[in-house]
Protein chains: 2
Amino acid sequence: MKKAVSLKDIANNVGVSTALVSYVLNGKEKEARVSKQMAAKIRRAAKEMNYQPNLIARSLKYGKTKTIGLIVADISNPFFSSIARIIENKAKENGYTVVFGSSDEQLDKSADLLNALINRQVDGLIVTPVENSEEQIREIQEKGIPVVLIDRYFPKLNTNAVFINNYQSAYNATQHLIDNGYKKIGMVAYQSSLEHMKQRVKGYEKCLKDNGINASKDWLLKINYNHTETDFRDSLNAMLEKNTIDSLLFATVSLAVKSLHVINSRKIKIPDDFGLISFDESDAFDFFYSPLTFIKQNLQQLGSQSVQLLIDSINNNTTVIKKIEVPSTLVVRDSSKKK
Amino acid sequence: MKKAVSLKDIANNVGVSTALVSYVLNGKEKEARVSKQMAAKIRRAAKEMNYQPNLIARSLKYGKTKTIGLIVADISNPFFSSIARIIENKAKENGYTVVFGSSDEQLDKSADLLNALINRQVDGLIVTPVENSEEQIREIQEKGIPVVLIDRYFPKLNTNAVFINNYQSAYNATQHLIDNGYKKIGMVAYQSSLEHMKQRVKGYEKCLKDNGINASKDWLLKINYNHTETDFRDSLNAMLEKNTIDSLLFATVSLAVKSLHVINSRKIKIPDDFGLISFDESDAFDFFYSPLTFIKQNLQQLGSQSVQLLIDSINNNTTVIKKIEVPSTLVVRDSSKKK
DNA sequence: ATGAAAGCGCTAACAC
DNA sequence: GTGTTAGCGCTTTCAT
C-alpha cells in the first residue's frame, strides 16, 4: 500500500505549518484568521495531492471513532439483515460507520465480538443480545460505553432498548385465531430465557386462558437454539402426530419456515383444517399455497430508533435510559381464515 | 464514557515504564528480558485494572487496522447477507474485523462508502461493484489499497476477483430447459453493463443458437435497476401477454421473486405449460407450488476465497492478481420438468 | 496571519 | 533488566 498523503506532506509542499493546513481543511480558517490566498493555495494543493484525512489519527486525538458496533444474532437471517441495512443507512446519515458481527446465538462468540469492537473503540453498540449475555451487557454499561439493545432486552437490566410489545402481539395473534374459529391453538417457540421469547409465549397462554381455553402442555413446542434439522422435524412431527391442535403460532420466522416444510410434507390443509400465524415476514410466506398471516414489526422504526437512541446516548452523556416500544401489526391473509 | 485504562495507567500503578508493560502484554518478555516477577506483577495489574488495548492507537502506530471493508449491493438481500456472514466469520478467524456498507446499486453511494472506509484506513476491501464504478475501483487500486471484487468484475480491469462462470451457468440452465422440452425460452435480466449480467445473457443466447433456436427480440426482458414495482409488473405482463415464450430464466433471485408474483396472478401452469429456472436460492422457491429449479452458487467458497485472497494480497505486497472461479451447480426440481 | 509544540495510546530501537 | 524517547497523523493552545 502506497503511503498516503498527510497534512505534513501538504504543509511541506505549500511551505506552511501543519496547523494552517489543518485549519483550512477543517473550515476553521475564520477562527484562525488564515489569509484568503493561503487558504486557496492550501485547498488547491490538497486537491491536487488527493489528500484523504486519516480518521484513525483523528480518532486517537478525539477519543471518538464515529463508529457504531452492531452485533446481530444472525446476519444471514432476513429479519436481521433488513434491520442492518436500515441501521447502516441511518448511521451513515449521521456520519457514523457501522462495524458488525454475527453472534450466531452463541455466548462465547458474543463475548469475543463485544471485546473486538470495544477494543476498536466503537463509540457505542447496538446489540441483539443472546441468551445469558446479561452479564456481558452489564459490564459494557459499567465501562460507560453507550449501548442499545434491539429486538430483545433484559427486564432486570436498566439499558436503552428498542423492541415491540411481544406479549400483546402474541396475544392479538392468538385472539385472531380464536375469532376465526380455531379452538386448539398450539405454539412453536424457542426454549429460551430471553424475555422477548417468554413474553411471546405468555401472551399466547394468557389469551387462551382469557378465552376459557384449557391448553394442554403439549400444545407448546419449545425448540432448542442448537437443534439440528432432524431434531426439529422429529419434534414437530411428534407434536402434530398427536392431533390435539388445530392451529399454530410461530414465534419466529426461522421456526415458521422450517415448520412449513413439515406441514407441507404432512399434507395438512391450511386454513380449513389448520390455521397458521407467524411472527415476522418472509418471501416464503407469500408463496406458501395459503399465504401466511403474520405479525409485522416496524423494522424501519426498530432500526432508526435504535441508531437515534444510541447517538443521543453518545452525545448527551446524560444517562437517561430509554425503552422504546415500536409498533407491530397483524397482517391478515389466508392462513388464518377458516372458511 | 469513562476513561479507559491505558498502558501508562498500569505503568504508574506498578511503578515501571510503559515499555515494560507493552513488552509483557504483547508476550515479548523474552526478547526484552523482563524478569519473571515483574512480568507476573504487570500481568496481574493489567487483569485487575481490566486493561483493554486501544487498537486505534496501535493502528496508528502500525499503519494497519486489521479491518476489512465490505461493500455489497444490498445487505438486505439474502444472497449478499449470506455472503456477508461467511466473510465476517472468515475474517474473524484471521483476526480481522469487518466494516460494511450497502451501496444499493448506486454509483454515488458506492463512492461515498469507499471514501468513508478508506479514510477509516481499512487494510483492504471486498466489493460487489455497481454499474459504472470501474473508475472508482481503478482509483483504489492506484492508491495501492488491496481490493477483491466479488460476484461481479470488470473484464478490462486487472483486479482480484471471485465469481462463478456466469456464461456457463446460464448456458447449462438454458440447455436443461431445452432438454426438458421447452422450445421458446425467455429471460428476465437487468439492463446492465456489468459483465456478470452480460455473461448470463450471452450464455443464454449462445445456447439457443447452438440448438438452432431462433430467438426473437422480445424473448429477452431487460429491467432497469431503478424500476418501480409497477414498472416491473407492467413490463413482465406485457411480455407474457404476447404468448411467444414457454419458459423463463431469471438472472437474479430478486427478479425471480418479483416475477413469481406476476406468474401467480396470471395463473400460468408451471411446469406443464411453462418452465422456470432462476439464479440463486430463496425460501420462496421452496414454497412456490412448483418448487423452482435454480443455479446454486457456492457461497461458502465465494465468501471465504475472497477473504483469503484479500488477506494474501494485504500480506504479500507482491502484486499477483488472481481471478478465482467458484463452482455453481444446477439444482433440478419441479419447475423445469415438463411432464 | 502563521508556526511551534504538546499530546491522544502504543511500539520498539536504543541507552543505561 | 528497565527506562527513555521518537513517532504514527491529527488538532489546538499558545506564542510570535
Side-chain angles (χ1 to χ4, degrees), chain A residues 1-43 45-46 49-67 118-123, chain B residues 1-43 45-46 49-67 118-123:
Chain A
M1 180 136 50
K2 273 176 219 166
K3 223 186 114 327
V5 280
S6 68
L7 280 189
K8 201 156 124 193
D9 296 328
I10 301 181
N12 287 340
N13 189 299
V14 181
V16 293
S17 72
T18 58
L20 272 208
V21 182
S22 173
Y23 287 133
V24 171
L25 265 30
N26 287 300
K28 301 199 176 159
E29 31 187 314
K30 294 270 158 11
E31 298 97 302
R33 287 166 304 170
V34 184
S35 70
K36 281 240 185 295
Q37 308 97 296
M38 192 44 82
K41 207 165 161 187
I42 288 172
R43 244 186 274 280
M49 301 173 72
N50 192 20
Y51 171 71
Q52 301 279 114
N54 182 328
L55 262 36
I56 294 289
R58 195 178 278 174
S59 295
L60 184 59
K61 175 74 185 170
Y62 281 144
K64 294 265 167 223
T65 55
K66 283 279 182 177
T67 299
I118 290 170
N119 290 355
R120 274 191 167 72
Q121 311 296 121
V122 294
D123 292 341
Chain B
M1 182 139 45
K2 274 176 216 164
K3 221 184 113 334
V5 281
S6 68
L7 279 190
K8 201 157 128 193
D9 296 328
I10 301 180
N12 287 340
N13 189 300
V14 181
V16 293
S17 73
T18 59
L20 272 207
V21 182
S22 172
Y23 288 134
V24 172
L25 265 30
N26 287 300
K28 301 202 174 155
E29 32 187 315
K30 294 270 159 5
E31 297 97 300
R33 289 166 303 167
V34 184
S35 70
K36 280 238 188 291
Q37 310 97 294
M38 192 45 82
K41 206 166 163 188
I42 287 172
R43 245 186 275 279
M49 301 173 72
N50 191 22
Y51 172 72
Q52 302 279 115
N54 182 328
L55 261 36
I56 293 290
R58 195 178 277 172
S59 294
L60 184 59
K61 175 76 184 168
Y62 280 145
K64 294 265 168 226
T65 55
K66 283 279 182 178
T67 298
I118 290 170
N119 290 353
R120 272 189 170 76
Q121 312 297 118
V122 295
D123 292 342

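Sequence lines set the chain letters: A, B, ... in the order given, protein chains first and strands last, and positions in each chain run from 1.
OP1 or OP2 of C:dG3 lies within a sub-4.0 Å distance of a side-chain N or O belonging to A:Ser17. Under 4.0 angstrom from either OP1 or OP2 of D:dC8 there lies no side-chain N or O belonging to A:Asn54. Under 4.0 angstrom from either OP1 or OP2 of C:dG9 there lies no side-chain N or O belonging to B:Arg58.
Scanning both residues, B:Val5 and B:Met49, for their nearest heavy atoms gives CG2-O, 3.5 Å. Annotation for B:Leu60 and A:Ile56: closest pair N-CG2, 3.9 Å, computed over non-hydrogen atoms.
Taken to the nearest 0.5 Å, the CD atom of B:Glu29 stands 12.0 Å off from the OG atom of B:Ser22.
Comparing the local axis fitted to the first five base pairs of the helix from C:dA1-D:dT16 to C:dC16-D:dG1 with the one fitted to its last five gives a bend of 60°, rounded to 10°.
Atom CD of B:Glu31 is separated from atom P of C:dA13 by 10 Å (rounded to the nearest Å). One atom, CG of B:Leu7, and another, P of D:dT5, lie 18 Å apart when rounded to the nearest Å. The interatomic distance linking A:Glu29 (CD) with C:dA1 (C1') rounds to 13 Å, in whole Å. Rounding to whole angstrom units, CG of residue A:Leu55 and C1' of D:dT11 are separated by 13 Å. The interatomic distance linking A:Asn12 (CG) with C:dT2 (C1') rounds to 15 Å, in whole Å. Look at CD on A:Gln37: it is 10 Å from C1' on C:dA1, rounded to the nearest Å. Put simply, OH on A:Tyr51 is 11 Å from C1' on D:dT11, counting in whole angstrom units. Distance CZ (B:Arg120) to P (D:dC8): 23 Å, rounded to an integer number of Å.
Residue pairs meeting the salt bridge (Lys or Arg N to Asp or Glu O under 4.0 Å) criterion with at least one member in residues 3-23 of chain B: none, sequence neighbours excluded.
A:Ala32 comes within 4.0 angstrom of a nucleotide base, judged by non-hydrogen atoms across all strands.
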Polar atom pairs (N or O), protein with nucleotides 12-16 of chain D, under 3.5 Å:
{"residue": "D:dT12", "atom": "OP2", "partner": "A:Lys28", "partner atom": "NZ", "Å": "2.8"}
{"residue": "D:dT13", "atom": "O4", "partner": "A:Tyr23", "partner atom": "OH", "Å": "3.0"}

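For B:Thr18 (side chain) and B:Ala11 (main-chain N/O), no donor-acceptor pair under 3.5 Å exists by modelled atom type. Counting only distance, with no hydrogens or angles, the side chain of A:Asp123 and the backbone of A:Lys66 share a donor-acceptor pair below 3.5 Å.
Looking at A:Thr65 and B:Arg120, their side chains never bring a donor and an acceptor atom within 3.5 Å of each other.
Taking every side-chain heavy atom of B:Val34 into account, D:dT2 is the closest of D:dT2, C:dG9, D:dC10.
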